[in-house]
Amino acid sequence: MAERTLSIVKPDGVRKNLVGEVIKRFEEEALKVVALKMAHLTKDQAQGFYHVHRERPFFDSLTTFMSSGPVVLMVLEGDGAIKKVRKIMGATNPSDAEPGTIRKDFADSIEENIVHGSDSPENAGFEINYFFNALEIFGR
Ligand code: UDP
Ligand code: MG
């Protein structure tokens, strides 16, 4: 079933010139980019995005990192898009990630792990609406 998910090339991915590489890996797996833009998040915006993690010990460091430079925000559409993106990304900690995943190939640490992908339909809905309005999404 076609679904939508939100992905982010995080500030480390942009700094490392991996924007094209990340999008290429998604497109190669038949995911379609239906919305795309850059933003430099404020700390408040990063905290709002990651509010589910607000009680976690890494929340302050994570939201400082996520507001440390521009990011690329995108909505991807395709069959099983949420799980597919998570598989292409690899495990949160790059040392646990499968070979050939984005995080295994490029991430430096559990925090600076290049890419974000929604983890459920509920969170995908929240995350897409957090960054994009209906007129910015080009379903096809
Ligand atoms: N993170 C961290 N330390 C941890 C766990 C997570 O810095 O121990 C960061 C990391 O950047 C991760 C983000 O917080 O991508 C969100 O965590 P989550 O568990 O949702 O991982 P993800 O869904 O991104 O794999
Ligand atoms: Mg997550």
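In what follows, every heavy atom counts, from backbone to side chain, and hydrogens, waters and symmetry copies are set aside. When a ligand or atom number is given, it counts from 1 through the structure's own listing order.
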request  = Answer yes if I114 and M89 sit in the same cluster of Ile, Leu, Val, Met, Phe, Trp and Tyr residues linked by side chain heavy atoms under 4.5 Å apart, and no otherwise.
outcome  = yes
Minimum heavy-atom distance F132-L36, with the two atoms named = CE2-N, 3.9 Å
Which residue supplies the protein heavy atom nearest to [atom], what is that atom called, and how far is it?
| atom | result |
| --- | --- |
| atom 10 (C) of ligand 1 | I110 O, 3.1 Å |
| atom 5 (C) of ligand 1 | F58 CE2, 3.4 Å |
| atom 11 (O) of ligand 1 | E111 O, 2.8 Å |
| atom 24 (O) of ligand 1 | R103 NH2, 3.0 Å |

So that I can tick it off, tell me whether [Y] and [X] are bridged by a salt bridge, with the cut-off set at under 4.0 angstrom between side-chain N and carboxylate O.
| X | Y | value |
| --- | --- | --- |
| E98 | K104 | no |
| K84 | D79 | no |
| R103 | D108 | no |

Which part of [X] is near ligand 1, with near meaning a heavy atom under 4.0 Å away: side chain, backbone, both or neither?
| X | value |
| --- | --- |
| L62 | side chain |
| D119 | neither |
| M66 | neither |

task = Assess the side chains of E111 and S61: does a donor N or O sit below 3.5 Å from an acceptor N or O?
result = yes
message = For atom 22 (P) of ligand 1, tell me which residue out of N93, N123, V115, T92 has the closest non-hydrogen atom.
response = T92
remark   = Checking heavy-atom distances from atom 16 (C) of ligand 1 to each of H53, R86, K10, the winner is H53
request  = Give yes if a backbone or side-chain nitrogen or oxygen of N113 is under 3.5 Å from a nitrogen or oxygen of ligand 1, and no if not.
outcome  = yes
task = Dump the intermediate steps for side-chain contact (heavy atoms from CB on, under 4.5 Å) on F49 and I8, then the final yes or no.
result = CA-CA 11 Å; F49 177 73; I8 306 176; 3.7 Å; yes
